[in-house]
There are 2 protein chains.
Amino acid sequence: MASSNTRERILQTSLALFNAHGLPSVSTHRIAAEMGISTGNLHYHFKTKRLIVEWLFRRFDDRLATIDEAGGGVRAIDDLWLALHLRFEAINEYRFVYRDMAHLESEYPETAAKSRTLMARNLLNARALCEKLAALGVINATADEAEMLALQIVFTTTCWLSFERLVTQNAASTRPSDTGLAAYYTLTLLTPYVDPQSRAYLDYLRSKYVQ
Amino acid sequence: MASSNTRERILQTSLALFNAHGLPSVSTHRIAAEMGISTGNLHYHFKTKRLIVEWLFRRFDDRLATIDEAGGGVRAIDDLWLALHLRFEAINEYRFVYRDMAHLESEYPETAAKSRTLMARNLLNARALCEKLAALGVINATADEAEMLALQIVFTTTCWLSFERLVTQNAASTRPSDTGLAAYYTLTLLTPYVDPQSRAYLDYLRSKYVQ
């Protein structure tokens, strides 16, 4: 019991430190020091930093898979807003993954390979979603346009939070990302294609999120 | 003369190593070793890695400023394609800057602050560009839509090359990025708004870049 608690605390502390300081800057020594345990105790639970990174990535991946399943029920623009919002919450909670991807690629090739598999799944899901919205008449888009939209949506959900920090944040700021605004921004990609009813909903979100 | 050559070689070698292995992974020892000079000789030219990073960022910034000036002459969709292509060439040549931005933020706050200034300038320029294209009738967009497009264009030019690697690259691949494809992808954001003549040009690019 105490042991599984320690294991969980290591994962939570690692996640917080990776998110705050970046994956390259955080060693297992630092994680142990932050928790007030010995490095030996930490290594008893996770032999290497790599194992911690793998566990955290698996959780992130599982979390997105759950959101994907729920996303199968999206039939209107407000369903999509909610699904995007939940997705950005997950990406924000595990934000080191997409933000430090270049480092993952060079130092954690197995996790990087899994993240490419995840990205391929994201693209397939987004394409299916855009095709469904087109079939339902929520968006008015050709097959080519729906495919382009799917790519834009995956690109935006993957990179927006990193970009947003770049544009708005002071180096010292720890203001949390506004995942509702991120979801709204992603929806604006659909603006030229939506039906009048959905456009009214987008206008409502605009009045809520954009000053 | 020999001295200024060494200085230039240090900058070029650093740029290549930062691009290939990531800013966090490359020390001044590694740069000196790669060049076959002593660390002392390197430090004679650049006291710290921070100074090298600052010099490289300034060059990147100057390069984009030159492209911005030329961008003042954009009056049609093919001018824009060329301007975007040149911009992606520059971003690709200094790709560590945007890719390793999270690390810049935590370890090189002065350079990160300059990159935020650069981003603000990019947004202003993109907004002026979209307003001009709307005024010329190249795109048919309201003021709100033009502003949204400007944000989408800056987001895409900033993050696309990192995303593209994530989607398409094998860990071991060193295939160079296709900056023409990146420019085409950015142009597709304008698709819903362009006049028929520009749409024909986009269709031409599509046939050239998308299989």
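Scope of the values below: all heavy atoms of this structure, side chains included, with no hydrogens, waters or symmetry mates. To find a chain, count down the sequence lines: A is the first, B the second, and so on, and within it residues start at 1.
The two residues B/Ser25 and A/Glu107 make their nearest non-hydrogen contact at OG-OE2, 3.8 Å. Nearest heavy atom pair, residue B/Arg99 against residue A/Ala102, reads CD-CB, 3.4 Å.
Looking at B/Leu123, the atoms closer than 4.5 Å to chain A (heavy atoms on both sides) all sit in the side chain, from C-beta outward. B/Tyr193 touches chain A through its side chain: at least one heavy atom from C-beta onward sits under 4.5 Å away, while N, CA, C and O do not. Residue B/Leu104: no heavy atom, backbone or side chain, is found under 4.5 Å from chain A. Neither the backbone nor the side chain of A/Asn122 comes within less than 4.5 Å of any heavy atom of chain B. Interface remark: A/Leu23 contributes no atoms to any contact with chain B (heavy atom separation under 4.5 Å).
Residue A/Asn140 qualifies as open at atom CG: its count of foreign heavy atoms under 6.0 Å is 12 or below. Within a 6.0 Å sphere centred on CZ of A/Arg58, other residues, nucleotides and ligands contribute more than 12 heavy atoms. Around NE2 of A/His29, the count of heavy atoms belonging to other residues, nucleotides or ligands within 6.0 Å does not exceed 12. For A/Glu8, the CD atom is densely surrounded, since the number of other residues' heavy atoms within 6.0 Å is greater than 12.
Taking CZ from B/Phe163 and CZ from A/Phe163, the interatomic distance works out to 15.5 Å, rounded to the nearest 0.5 Å. Note that the CE atom of B/Met148 and the OG1 atom of A/Thr191 stand 4.0 Å from one another [nearest 0.5 Å].
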Verdict with supporting geometry, A/Thr156 and B/Gln152, side-chain contact (heavy atoms from CB on, under 4.5 Å): CA-CA 9 Å; A/Thr156 304; B/Gln152 288 170 352; over 6 Å; no
Should B/Arg206 and A/Asp144 be marked as a side-chain contact (heavy atoms from CB on, under 4.5 Å) after you check the CA-CA gap, both sets of side-chain angles, and the distance that decides it? CA-CA 10 Å; B/Arg206 183 178 168 81; A/Asp144 279 354; 3.3 Å; yes
Evaluate side-chain contact (heavy atoms from CB on, under 4.5 Å) for B/Leu151 paired with A/Thr188, printing each intermediate quantity in order. CA-CA 11 Å; B/Leu151 182 62; A/Thr188 63; over 6 Å; no
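Relative orientation of the B/Phe155 and A/Tyr185 rings is perpendicular, given thresholds of 30° and 60° on the angle between their planes.
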